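Report on the structure given below.
Only a predicted model underlies this, so the values are computations on that prediction, with no experimental measurement involved.
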Amino acid sequence: MKKRYVLLLCAAALSIGAACSSVSAHGVFIANRFDQKALVLGEGPTDNAYNPSCVKAVEAYDKNFDAMNVETVNYEDHISIIPTDELGVTVTFFDYGFFTKDSSGKMHQAPFAEVADAVKTTHAIKWNINYWSPDVKPGGIYNVPIQIVPQVNPLTLRKGDTYRIRVYKDGKPYANAPLIKDVINDLTNESTADADGYATVTVSANGLNVVGVEVAGEKEDEHTTPKYFSSLSFIIDPE
């Protein structure tokens, strides 16, 4: 597994005002938004604003998969990444917070202890690995608990091509991992990896592609269950 770099975050001069809103099957991924390489929180065709404080770290690797620094910019309701020519891969660690359902079915953005008549709480934790350069040889990253590792650099492919991925959990192949092979265009079409964590994926677009794994973790306490969403994303520039 690859080693990490020293985190560098560059804040813009805007205050933090957006809230983390919903706990459904949202992933985080890099996308082209408003002339930015934005970190998007979304599912299917829907994007959501989020508090930049949800982003706990952004780590970067160059084209040789060596650790490097990367600049990020905080806006009121999202962050963006400033890529350089040497940027190969980024890894984002995102904590969406606690969401608690009360006995009436209403969802609150708060831990169990802070909600009257609380029933259960979900802690939404997300990771994203984004490929920026076709020159990178894919590999695992040591500190991402659940990750999708492409067996070929997906930026060397085109729409309709197929490629193999392998899903890892805690550094080991994740047998029968639950997969969403096209988070952007086919969110409800779920499948699984095989017993060795492998699956075959089709490149869905000459543009943004996002593959995801969504799974519940072991309970943090008697009321709180973590919900993990880990994604692999890449943007194929159309010719």
Side-chain angles (χ1 to χ4, degrees), residues 1-14 27-42 47 50 52-75 78-95 126-159 161 163-168 171 183-184 201 203-213 230-239:
M1 295 292 179
K2 303 295 183 181
K3 293 194 175 180
R4 64 176 297 173
Y5 84 120
V6 178
L7 174 65
L8 174 65
L9 292 176
C10 178
L14 287 176
V28 290
F29 48 87
I30 305 298
N32 292 317
R33 298 288 190 272
F34 300 106
D35 295 322
Q36 300 172 9
K37 298 296 186 182
L39 179 71
V40 171
L41 170 70
D47 298 347
Y50 59 87
S53 67
C54 293
V55 181
K56 299 308 177 184
V58 178
E59 302 186 354
Y61 300 88
D62 65 17
K63 294 178 181 180
N64 296 316
F65 232 132
D66 293 325
M68 63 175 285
N69 289 332
V70 68
E71 181 182 353
T72 71
V73 180
N74 285 7
Y75 295 92
H78 72 284
I79 76 164
S80 67
I81 291 177
I82 310 299
T84 65
D85 290 342
E86 291 304 309
L87 183 61
V89 176
T90 53
V91 185
T92 301
F93 298 81
F94 192 97
D95 189 333
K126 306 175 189 298
W127 305 283
N128 170 255
I129 296 174
N130 188 81
Y131 277 72
W132 296 83
S133 171
D135 298 329
V136 178
K137 182 179 178 180
I141 299 171
Y142 87 105
N143 60 343
V144 182
I146 298 174
Q147 61 184 287
I148 301 167
V149 180
Q151 303 302 288
V152 62
N153 189 313
L155 293 175
T156 63
L157 306 175
R158 304 297 294 172
K159 180 180 178 180
D161 290 342
Y163 64 104
R164 295 265 281 171
I165 62 171
R166 197 175 197 185
V167 187
Y168 290 85
V183 172
I184 303 302
V201 179
V203 177
S204 63
N206 289 329
L208 176 62
N209 292 263
V210 184
V211 183
V213 173
S230 186
S231 65
L232 167 71
S233 62
F234 54 96
I235 301 171
I236 298 174
D237 289 331
E239 294 180 350

Got a second to check how far [X]'s [atom1] is from [Y]'s [atom2], nearest 0.5 Å?
X: D35; Y: S80; atom1: CG; atom2: OG; result: 11.0 Å
X: C54; Y: L41; atom1: SG; atom2: CG; result: 8.0 Å
X: D135; Y: T156; atom1: CG; atom2: OG1; result: 10.0 Å
X: L208; Y: I184; atom1: CG; atom2: CD1; result: 4.5 Å

- Task: In sequence, state the C-alpha distance, the side-chain angles, and the governing distance for V149 and Y168, and then conclude on side-chain contact (heavy atoms from CB on, under 4.5 Å).
- Result: CA-CA 8 Å; V149 180; Y168 290 85; 3.7 Å; yes

What's the shortest heavy-atom distance between [X] and [Y], and which atoms?
X: N153; Y: V136; value: ND2-O, 2.8 Å
X: P138; Y: P150; value: CB-O, 3.1 Å
X: G139; Y: F65; value: N-CE1, 3.6 Å
X: A60; Y: L87; value: CB-CD1, 3.8 Å
X: P238; Y: R158; value: CA-NH2, 4.0 Å
X: I79; Y: P52; value: CG2-CB, 3.8 Å

Under 4.5 Å between any side-chain heavy atoms of [X] and [Y], yes or no?
X: I30; Y: W132; value: yes
X: V28; Y: V40; value: no
X: Y61; Y: V91; value: yes
X: Y75; Y: Q36; value: yes
X: I129; Y: V89; value: yes
X: I82; Y: V73; value: yes
X: I236; Y: N209; value: yes
X: K159; Y: D161; value: no

Tell me whether [X] contacts the main-chain N or O of [Y] through its side chain, where contact means a donor paired with an acceptor under 3.5 Å.
X: Y50; Y: V55; result: no
X: K137; Y: V152; result: no
X: Q147; Y: P145; result: no

- Take R166 and I148 through the side-chain contact (heavy atoms from CB on, under 4.5 Å) test and state the conclusion after the steps. CA-CA 6 Å; R166 197 175 197 185; I148 301 167; over 6 Å; no

- Query: When you look at F93 and K126, which way does the side-chain contact (heavy atoms from CB on, under 4.5 Å) test go after all the steps?
  - Reply: CA-CA 6 Å; F93 298 81; K126 306 175 189 298; over 6 Å; no

- Sorted by chain and number, sequence neighbours left out, side-chain hydrogen bond (donor to acceptor under 3.5 Å, both in side chains) with S231 holds for N128

Testing the 3.5 Å rule here: is there a donor-acceptor pair between the side chains of [X] and [Y]?
X: K37; Y: N32; value: yes
X: E86; Y: N64; value: no
X: T90; Y: N130; value: no

- Message: Between L232 and Y131, does the side-chain contact (heavy atoms from CB on, under 4.5 Å) criterion hold? Intermediate values first, please.
- Response: CA-CA 8 Å; L232 167 71; Y131 277 72; 3.7 Å; yes

- Message: salt bridge (Lys or Arg N to Asp or Glu O under 4.0 Å), that's the test. Do D47 and R33 meet it? Break it down for me.
- Response: CA-CA 10 Å; D47 298 347; R33 298 288 190 272; 2.8 Å; yes

